[in-house]
Amino acid sequence: MKTLILGGARSGKSAHAEQLASQSNKSVIYIATGWAGDAEMAKRIAHHQQQRPAHWQTVESPQGLAATLLEQDGANNLLLVDCLTLWISNCLANDCLAQEMAAVLDLVPRLQSELIFVSNEVGSGVVPLGELSRDFVDNAGRLHQRLATLCDRVLLVVAGLPLSLK
C-alpha cells in the first residue's frame with residue numbers, strides 16, 4: 001500500500017499518518033526531512049520526536065530521499081516520510097530538486113515497503129509574488145500529481161478529518 005496524505009499547515013495530516021502507521025503490523029521507519037536551521041524549527045522537531053512511539057526507528061533525510069528509501073526498503077517495513085514539502089525546500093536551496101524528484105518518482109513503484117508520504121497542500125492559496133516561492137508551489141504541485149498516480153490511496157486532511165480522494 002502506498003499512501004499520499006496532503007493537507008494544510010496544522011491540518012492533522014502528520015497525526016493521521018502516524019495513526020495509520022501505528023495500526024500496521026509492520027516495522028515503522030519514520031523518515032524525517034526537516035532540519036533545525038533555527039531555534040523555532042528545532043523546537044518543532046523536538047515536539048514531533050516526543051510524539052512518536054519510542055520503538056519506531058527515525059532516519060533523518062533532508063536530501064537524498066531516494067537513497068534513504070532504498071536503504072530502508074523491506075517487505076516488513078512501513079516507511080513514513082514527513083514531509084515532502086520540507087524536502088522540496090531543502091532540495092531547492094541546494095539546486096538538486098530535479099534529480100532528486102526524478103529519482104524518488106522512479107523508485108516508488110519498485111519499493112516493497114508500505115509507504116506513507118505526508119505533504120503540505122500549497123496550491124490552494126494565492127499565487128506567490130516571488131520567483132522562488134512560485135517555483136516551490138509549482139514543484140510541490142507537480143510532485144503531488146505524479147505521486148497521486150503512483151499511490152494506491154490519496155487523502156486530504158482538513159481540520160483533522162481525512163477525506164479520501166483516491
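None of the values given here were measured: they were computed from a predicted structure.
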Give, for atom CD of Gln57 and atom CG of Leu79, the distance between the pair rounded to the nearest 0.5 Å. 9.5 Å
Test side chain to side chain contact (heavy atoms under 4.5 Å, CB included), reference Leu4, set Leu84, Val118, Leu143, Ile116, output is Leu84
Side chain Thr33, main chain Cys83, donor-acceptor under 3.5 Å: yes
Residue pairs passing the salt bridge (Lys or Arg N to Asp or Glu O under 4.0 Å) test where at least one lies in residues 68-93, sequence neighbours excluded: none
So side chain to side chain donor-acceptor pair (under 3.5 Å) across residues 151-166, not counting sequence neighbours, yields Thr3-Arg153
Do the side chains of Phe117 and Ile88 join up, straight or via other hydrophobic residues, at under 4.5 Å, putting them in one cluster? yes
Take atom CD of Gln51 as the centre, draw a 6.0 Å sphere, and report whether it contains more than 12 heavy atoms from other residues, nucleotides or ligands. yes
Let me check something: do Ile5 and Val104 share a hydrophobic cluster, defined by ILVMFWY side-chain heavy atoms less than 4.5 Å apart, either directly or through other members? no
The reported gap from CD1 in Ile29 to OG1 in Thr58 (rounded to nearest 0.5 angstrom) is 10.0 Å
In a table with atom names and distances, give each donor-acceptor pair under 3.5 Å that connects a side chain of residues 42-50 to protein atoms at least two apart or in another chain.
| from | atom 1 | to | atom 2 | distance (Å) |
| --- | --- | --- | --- | --- |
| Arg44 | NE | Glu40 | OE2 | 2.3 |
| Arg44 | NH2 | Glu40 | OE2 | 3.3 |

Within a strict 4.5 Å, meaning less than it, do heavy atoms of the Leu20 and Gln23 side chains meet? yes
Residues forming a side chain to side chain donor-acceptor pair (under 3.5 Å) with Asp135, sequence neighbours excluded: Asn139
Heavy-atom distance under 4.5 Å between the side chains of Val81 and Tyr30, does that happen here? no
Verify the cluster assignment for Leu78 and Trp56: are they in a single hydrophobic cluster under the rule of side-chain heavy atoms below 4.5 Å apart? yes
In one Ile/Leu/Val/Met/Phe/Trp/Tyr side-chain cluster, 4.5 Å: Leu97, Val108: yes
Can you tell me how far the CE atom of Met1 sits from the OG atom of Ser113, to the nearest 0.5 Å? 14.5 Å
Take atom CG in Asp138; do more than 12 heavy atoms of anything else shown fall under 6.0 Å from it? yes
Return the set of residues passing side chain to side chain donor-acceptor pair (under 3.5 Å) with Glu18 (not counting sequence neighbours), or none when no residue passes. none
Within residues 110-126 or reaching into it, pairs that qualify as salt bridge (Lys or Arg N to Asp or Glu O under 4.0 Å) - sequence neighbours excluded: Asp106-Arg110
Going by heavy atoms in the side chains, are Leu80 and Leu115 under 4.5 Å from each other? no
By side chain to side chain contact (heavy atoms under 4.5 Å, CB included), Ala103 pairs with (sequence neighbours left out) Ala66
Using a cut-off of 6.0 Å, state whether more than 12 heavy atoms not belonging to Asn25 lie near its atom CG. no
With sequence neighbours excluded, give me every side chain to side chain donor-acceptor pair (under 3.5 Å) pair touching residues 90-102. Trp35-Asn90, Gln63-Asn94, Trp87-Glu100
Calculate, to the nearest 0.5 Å, the distance between atoms CD and OG belonging to Gln72 and Ser27 respectively. 11.0 Å
Any chain of hydrophobic side-chain contacts (each under 4.5 Å) joining Val122 to Met41? no
With Ser89 via side chain to side chain contact (heavy atoms under 4.5 Å, CB included) - residues at least two apart: Phe136
Extract all donor-acceptor atom pairs below 3.5 Å that involve side chains of residues 154-162 and protein atoms in other chains or at least two apart in sequence.
none

Could you list the residues that satisfy side chain to side chain donor-acceptor pair (under 3.5 Å) with Ser61, not counting sequence neighbours? Thr68
Closest non-hydrogen atoms of Gln112 and Ala75, given as atom of the first, atom of the second and distance, are OE1-CB, 3.6 Å
Ignoring hydrogens and angles, tell me if any N or O in the side chain of Asn120 forms a donor-acceptor pair with the backbone of Leu6 under 3.5 Å. no
Enumerate, atom names and distances included, each donor-acceptor pair closer than 3.5 Å involving a side-chain atom of residues 144-151, sequence neighbours excluded.
| from | atom 1 | to | atom 2 | distance (Å) |
| --- | --- | --- | --- | --- |
| His144 | ND1 | Ala140 | O | 3.3 |
| His144 | NE2 | Ser119 | OG | 2.6 |
| Thr149 | OG1 | Arg146 | O | 2.6 |

